[in-house]
Amino acid sequence: MAPSPTGDPHVGTAYVALFNRVFARQHGGKFVLRIEDTDQSRSSTESEQAIFSSLGWLGLTWDEGPDVGGPMGPYRQSERTAIYREHIQMLLDNGHAYRCFATAEELAEMRAHQKANKLQLRYDRRHRELSKEEIERRLAEGQDYVVRLKMPEDGATTFTDGLRGEITIQNEEIDDQILLKSDGFPTYHLANVVDDHLMEISHVIRAEEWIPSTPKHVELYRAFGWEPPQFIHLPLLRNEDKSKISKRKNPVSLEYYERVGILPEALRNFLGRMGWSMPDESEKFSLDEMEANFTWAKMGLGGPIFDLKKLDWLNGLYIRELGPEALVDRLMGWRIHREALLELAPLIIERIERLEDVIPMTSYFFGDDFTLDDPQALIPKKRDKLSTYRAVKSLTEAIDNTHPWNAETIEATLRGQCEALEWSPRDLFMPTRLIVTGRKATPPLFETMEALGKARVQARMRASLKVLKP
RNA sequence: GGGGCGUUAGUCUAGUGGUUAGGACACUGGCCUCUCACGCCGGUAUCACGGGUUCGAGUCCCGUACGCCCUACCA
């Protein structure tokens, strides 16, 4: 299991983690968590922390990982750069890789030209056969370079996918993949192959989107003289319109499901039903039962659509099974506890006269107690629907990128948007307030949004986008 | 554009040559009941299309269509 710590932990990550864990456990193997933080600009430690806590919440615990350690560490790719450099040198020495000095602009130009002339979009291998002198010269000049894999020019690469059987791809279809970026960090392809080998990973269970690049990985194993692992590609979870599941069309962050009160065992169960079924086809089963009955033979290949309705039904089943006592415990473990109320108390204390006022005043913190249906209500005076839509859309994206989530960062985002959009705070904040709380009068917006939680705010922002959509 | 993968009701799925194509969600009719929900009983609705192989095809083969993914110094 090797997620990259970019953004908020994703339901697709949990899906892949579930099957990895079930399979590993069933075979008495180790379920390893490796953090693929090779993209310096997108990776963050908060995101890594969030992966730990979300996967932990789901109960998909790992046997080895950056936080728990293990014999194959380090488990964070950013701490393994020396290993990659060493291995890239091996490839350079044995002629399976070469330096490419083309700049990003140069490559963009090349692609534009290929596109204009309806040619194959592929690196033209302009630096594949640079002379030793030429390389030395450019190196001496201090030119930046990347290292690319030297794919065979002809023939084909065949590998076995555990679910689909043999897959063959013509080598001429495969790009000379960049293995080492000019910043000295490896790309997924190199780091993944090197680590999987060094960590003695026997089964690579990952999403289907990796199938087209698997030949590159096979070629890399060959270049190193290593035995490749078993590859198993899971179908991709889908939105309602069948596209790959995405936050624009679905709540995808695990935090969202926790926040709205989906039980971890229900989400696990539901994920386990995506593409897979128990031998007796039961709908409700535990992790242990899944482990006991797991087999790839029961895995389907069509990309399953993530159906929230069925998740809710399943969750209801689990809740009823809890019984009143355990339900109360769950409630207290969820949001009805001292810390959560303590977060709300300062926001409402000046606004209530009787204790009972707390209930209506805080209801929107706990659930969706309102629905947006009238776009007019969201449009400020002197603005129209389209510009409001655009403003909300822009704000939604800005919120996606707001890390960490607290009143200060939220304020910075909102005010930044005011400037970027040239909207007054008044014009932007009121619709935002309406969207996230359903009310015109609330405690201060930034604190309210913080308490609401990012996932819920994101969900409500996107719901409003549907209402405003031209 | 090129390549790859896929396709059983609206959705999740069972099905490995012979079934009235089974189950679940959703939808819907009823029962239970002060209401609602739960629960229970019932209903509507499916093998993408076209060829072939076969006594017989959802199941095997070929083609087509459609969908998705990849085609980044992101993973």
Side-chain angles (χ1 to χ4, degrees), chain A residues 2-7 10 12-13 16 35-43 77 100-108 111 114-123 144-148 156-157 159 161 163-165 167-175 177-192 206-216 233-245 269-284 297-314 316-317 319-321:
Chain A
S4 43
T6 57
H10 201 276
T13 302
V16 174
I35 297 293
E36 309 226 328
D37 54 349
T38 55
D39 184 338
Q40 285 294 275
S41 59
R42 295 199 312 149
S43 299
Q77 291 186 328
C100 167
F101 296 88
T103 61
E105 300 77 60
E106 210 178 323
L107 292 173
R111 250 176 253 122
Q114 289 170 340
K115 205 159 194 174
N117 295 288
K118 297 206 164 179
L119 295 166
Q120 298 264 318
L121 289 170
R122 200 137 45 222
Y123 173 62
D144 274 350
Y145 64 88
V146 299
V147 177
R148 290 179 181 269
T157 300
F159 64 94
D161 175 86
L163 295 174
R164 282 156 266 256
I167 295 175
T168 299
I169 296 178
Q170 296 302 315
N171 288 151
E172 59 183 14
E173 299 294 341
I174 305 165
D175 224 335
Q177 182 62 46
I178 292 178
L179 301 175
L180 194 75
K181 299 181 259 188
S182 55
D183 66 1
F185 276 81
T187 55
Y188 169 86
H189 309 277
L190 199 240
N192 189 265
R206 68 212 327 180
E208 193 176 28
E209 54 191 331
W210 292 106
I211 290 177
S213 41
T214 303
K216 296 169 184 173
H233 293 95
L234 264 23
L236 239 24
L237 261 22
R238 312 290 183 96
N239 298 311
E240 224 167 304
D241 65 0
K242 303 217 188 244
S243 54
K244 171 165 108 169
I245 195 165
N269 186 161
F270 180 68
L271 255 13
R273 280 253 48 189
M274 302 273 88
W276 189 79
S277 59
M278 288 283 273
D280 66 352
E281 267 211 283
S282 42
E283 296 286 343
K284 185 167 169 294
K298 300 291 282 183
M299 193 84 206
L301 300 176
I305 290 168
F306 200 82
D307 179 7
L308 283 314
K309 283 247 176 63
K310 191 154 181 177
L311 207 210
D312 283 338
W313 165 77
L314 232 200
L317 244 42
I319 285 179
R320 261 159 255 138
E321 188 186 64

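Chain naming here is simple, since letters A, B, ... match the order of the sequence lines and numbering starts at 1 in each.
Protein atom NE2 of A:His233 is 12 Å distant from nucleotide atom P of B:C5, rounded to whole Å. Taking atom CD1 of A:Ile245 as the reference point, atom C1' of B:A75 lies 17 Å away to the nearest angstrom. Rounded to whole Å, the distance from CG on A:Leu236 to P on B:U7 is 14 Å. In this structure, A:Met278 atom CE and B:G15 atom C1' are separated by 18 Å, rounded to whole Å. Atom P of nucleotide B:G67 and atom CG of A:Asp241 are separated by 11 Å, given to the nearest angstrom. Across the protein-nucleic acid pair, A:Gln177 atom CD and B:A75 atom C1' stand 11 Å apart, rounded to whole Å. In this structure, A:Leu180 atom CG and B:C74 atom P are separated by 11 Å, rounded to whole Å. Summarising the geometry, the separation between CZ on A:Arg148 and C1' on B:A72 is reported as 10 Å, rounded to the nearest angstrom.
Using a 4.0 Å heavy-atom distance criterion, A:Lys298 is classed as a sugar-phosphate-only contact. Looking at heavy-atom distances under 4.0 Å, A:Ala102 makes contact with a base. At the heavy-atom level, A:Arg320 lies under 4.0 Å from the strands shown only through sugar-phosphate atoms. Looking at heavy-atom distances under 4.0 Å, A:Thr6 makes no contact with the nucleic acid at all.
Heavy atoms of other residues, nucleotides or ligands lying less than 6.0 angstrom from CD of A:Glu106 number more than 12.
For the C1' atom pair drawn from B:G10 and B:A45, the interatomic distance equals 9 Å after rounding to whole Å. For the P atoms, the distance from B:C34 to B:A21 is 43 Å, rounded to whole Å. One C1' atom belongs to B:A26, the other to B:C12, and the distance between them is 11 Å to the nearest Å. Look at the P atom in both B:C68 and B:U46: the space between them is 24 Å, to the nearest Å. Between B:A9 and B:G43, the two C1' atoms lie 14 Å apart (nearest whole Å). Across the C1' atoms, B:A65 and B:G51 are found 14 Å apart, a figure rounded to whole Å.
Remark: A:Asp161 pairs with A:Phe159, A:Leu163, A:Arg164, A:Ile167, A:His233 by the side-chain contact (heavy atoms from CB on, under 4.5 Å) rule, at least two apart or across chains. For A:Lys298, there are no salt bridge (Lys or Arg N to Asp or Glu O under 4.0 Å) partners at least two apart in sequence or on another chain. Applying the salt bridge (Lys or Arg N to Asp or Glu O under 4.0 Å) test to A:Glu281 and every residue at least two apart in sequence or in another chain returns nothing. In this view, A:Trp210 and A:Tyr188 satisfy the ring-ring contact (aromatic ring centres under 6.0 Å, His included) rule, not counting sequence neighbours. For A:Arg111, there are no salt bridge (Lys or Arg N to Asp or Glu O under 4.0 Å) partners, not counting sequence neighbours. A search for ring-ring contact (aromatic ring centres under 6.0 Å, His included) contacts involving A:His189 returns A:His217, not counting sequence neighbours. Residues passing the ring-ring contact (aromatic ring centres under 6.0 Å, His included) test with A:Phe101 are A:Tyr145, sequence neighbours excluded. Legend: residues meeting salt bridge (Lys or Arg N to Asp or Glu O under 4.0 Å) with A:Lys244, ordered by chain and number and at least two apart, are A:Glu209.
Between the side chain of A:Asn117 and the backbone N or O of A:Leu119 there is no donor-acceptor pair closer than 3.5 Å.
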Pairs: protein N or O with nucleotides 24-29 of chain B N or O, under 3.5 Å:
{"residue": "B:A24", "atom": "O4'", "partner": "A:Glu283", "partner atom": "OE2", "Å": "3.3"}
{"residue": "B:A24", "atom": "N3", "partner": "A:Lys310", "partner atom": "NZ", "Å": "3.0"}
{"residue": "B:C25", "atom": "OP1", "partner": "A:Trp313", "partner atom": "NE1", "Å": "3.4"}

Would you list the protein and nucleotides 1-4 of chain B atom pairs, both N or O, that sit under 3.5 Å from each other?
{"residue": "B:G2", "atom": "O4'", "partner": "A:Gln120", "partner atom": "NE2", "Å": "3.3"}
{"residue": "B:G2", "atom": "O2'", "partner": "A:Gln120", "partner atom": "OE1", "Å": "3.3"}
{"residue": "B:G2", "atom": "O2'", "partner": "A:Gln120", "partner atom": "NE2", "Å": "3.0"}
{"residue": "B:G2", "atom": "O2'", "partner": "A:Glu173", "partner atom": "OE1", "Å": "3.1"}

Would you tabulate the pairs of protein nitrogen or oxygen atoms and nucleotide nitrogen or oxygen atoms of nucleotides 20-22 of chain B closer than 3.5 angstrom?
{"residue": "B:G22", "atom": "N2", "partner": "A:Glu281", "partner atom": "OE1", "Å": "2.1"}
{"residue": "B:G22", "atom": "N2", "partner": "A:Glu281", "partner atom": "OE2", "Å": "2.6"}

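Where A:Lys242 and A:Tyr188 meet RNA chain B, the nucleotide closest to each residue was compared, and A:Lys242 sits on the side nearer the 5' end. If you find the closest nucleotide of RNA chain B to A:Cys100 and to A:Glu240, the one lying nearer the 5' end belongs to A:Glu240.
Counting only residues at least two apart or in different chains, salt bridge (charged side-chain N to carboxylate O under 4.0 Å, His left out) contacts with residues 269-280 of chain A comprise A:Arg273-A:Glu283.
Note on A:Lys284: every side-chain N or O is 4.0 Å or more away from OP1 and OP2 of B:G23. One finds no side-chain N or O of A:Ser282 lying less than 4.0 angstrom from the OP1 or OP2 phosphate oxygen of B:G23. In this structure, A:Arg238 does not reach the B:G67 phosphate: none of its side-chain N or O atoms is under 4.0 Å from OP1 or OP2.
When all heavy atoms of A:Pro186 and A:Thr38 are compared, the pair lying nearest together is O-CB, 3.4 Å. Taking all atoms of both residues into account, the shortest heavy-atom contact from A:Pro235 to A:Pro304 is CB-CD, 4.1 Å.
Side chain A:Ser213 to base B:C70: no donor-acceptor pair is found below 3.5 Å.
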